[in-house]
Asks: 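Can you keep this structure in mind? I'll have questions shortly.
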There are 2 protein chains.
Amino acid sequence: MTTSSRYAVALHVLVALAHLGEDGATSERLAGSVNTNPVVVRRILGLLAKAGFVSGQGGRHGGYKLARDPKKIALDAVLKAVEPDGIFPVHENPPNRVCPVSCGIKEVLGGVFARAEASMHDRLRETSVADLLRRVESTG
Amino acid sequence: MTTSSRYAVALHVLVALAHLGEDGATSERLAGSVNTNPVVVRRILGLLAKAGFVSGQGGRHGGYKLARDPKKIALDAVLKAVEPDGIFPVHENPPNRVCPVSCGIKEVLGGVFARAEASMHDRLRETSVADLLRRVESTG
DNA sequence: GCCAGAGTACTCGGATAATCCATGTCCGAGTGCGTACGG
DNA sequence: CCGTACGCACTCGGACATGGATTATCCGAGTACTCTGGC
């Protein structure tokens, strides 16, 4: 599995939890659904718990549950939770003062990237976890 | 997924080549501007050469030059060239037939991601390498 | 029968090894200029 | 003097080590159920 499928895994897990409802599921079961290691799921769910989307409970009969109405979980918020640094990292500012491009490129690229990401977030905001669940259930 | 900084480096290099014009530059000089290793630049320029944006010439007095008018190089095309697999990779299709979410999630996520990326591409298409160069020169 | 207590099974969370990708280093292939030699 | 052939300097492109990040394994902390013993 590639390194950057965190977002896809996060959405997969959220949809699964929305599907299961109040019962919730353990990280092992979710991992079986995603076909990965339970630790990966736990780590991603840790990020989602910090953002307030899920709640984890240890102990027997523990597991994860949604902490919010899936209709209130928009996809852009999930992306911010699991990729807080943004999609397009800019390389470190080069100290090359000779090249005029080096000096100004960072600021210019930052603006372009911010606008592009904002556009993407606007589109993602239109969809919620509940929408995804409905589509999955209708296609499945 | 954290896209690496390939895209930022690619744009930096393209702007630098547009700034230099017909003279072009070697990978070593470009690497000095980007503050990285020449081989990184060569690899990215290899992708851009495949896409027809630049042309590389070996031998003495070799180097890279733009192969197209910078006004005709849109930022979305550059992104496609350096990240052909898209921004949001979807994890491998899990063989878990028991979970209904597993079966349908891939297709649903694929659609959502495609729309989000399309929105971003539309925004990126509005800007060209020449626009970036103009902004860099005005701010510098 | 009922309650208290320890025991057990099960889960999450963090710390520690193994693995994978990206980066960095090196070498061969190719090109163009410069020079030396012969005519 | 002029042309040709060789040599050299320089560059790209790909193959081989290295580093950091991601992933997988392991162990401790915590919770709820269960069983046992006493009242």
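Below, chains carry the letters A, B, ... as their sequence lines are ordered, and counting in each starts from 1.
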Asks: For A:Asp131, give me all partners under side-chain hydrogen bond (donor to acceptor under 3.5 Å, both in side chains), at least two apart in sequence or on another chain.
Replies: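 In terms of side-chain hydrogen bond (donor to acceptor under 3.5 Å, both in side chains), with neighbours along the sequence ignored, A:Asp131 is linked to A:Ser128, A:Arg134.
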
Asks: Can you run down the side-chain hydrogen bond (donor to acceptor under 3.5 Å, both in side chains) pairs that involve residues 50-64 of chain B, sequence neighbours left out, and say none if there aren't any?
Replies: none

Asks: Would you say B:Thr36 places a side-chain N or O within less than 4.0 Å of OP1 or OP2 belonging to C:dG24?
Replies: yes

Asks: Could you note down all residue pairs passing side-chain hydrogen bond (donor to acceptor under 3.5 Å, both in side chains) where residues 37-48 of chain B supplies at least one of them, sequence neighbours left out?
Replies: B:Ser27-B:Arg42

Asks: Just to verify, what does B:Lys65 make a side-chain hydrogen bond (donor to acceptor under 3.5 Å, both in side chains) with, not counting sequence neighbours?
Replies: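 For B:Lys65, the residues satisfying side-chain hydrogen bond (donor to acceptor under 3.5 Å, both in side chains) (neighbours in sequence not counted) are B:Glu22.
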
Asks: Going by the rule side-chain hydrogen bond (donor to acceptor under 3.5 Å, both in side chains), which residues pair with B:Ser119 if we only count those two or more places apart in sequence or in a different chain?
Replies: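 B:Ser119 satisfies side-chain hydrogen bond (donor to acceptor under 3.5 Å, both in side chains) with A:Ser119 only.
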
Asks: Using a heavy-atom cut-off of 4.0 Å across all strands, would you classify A:Val39 as base, sugar-phosphate, or nothing?
Replies: base

Asks: Which residues in residues 42-59 of chain B have a heavy atom closer than 4.0 Å to any atom of DNA chain C?
Replies: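 Listed by number, they are B:Arg43, B:Gly59.
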
Asks: Choose from D:dG14, D:dC10, C:dT23 the nucleotide whose nearest atom is closest to any side-chain atom of B:Arg60.
Replies: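 Looking only at side-chain atoms, B:Arg60 lies closest to D:dC10.
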
Asks: Under a 4.0 Å heavy-atom cut-off, which of residues 16-27 of chain B touch DNA chain D?
Replies: B:Thr26, B:Ser27

Asks: Taking atom CD of B:Glu126 as the centre, does the number of heavy atoms from other residues, nucleotides or ligands within less than 6.0 Å exceed 12?
Replies: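 Counting neighbours around CD of B:Glu126, more than 12 heavy atoms of other residues, nucleotides or ligands fall under 6.0 Å, so yes.
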
Asks: Applying side-chain hydrogen bond (donor to acceptor under 3.5 Å, both in side chains), name anything that partners B:Arg68, two or more places apart in sequence or on another chain.
Replies: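 So B:Arg68 forms no side-chain hydrogen bond (donor to acceptor under 3.5 Å, both in side chains) with any residue.
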
Asks: Please identify each residue that fulfils salt bridge (charged side-chain N to carboxylate O under 4.0 Å, His left out) with B:Lys71, with sequence neighbours left out.
Replies: B:Asp69

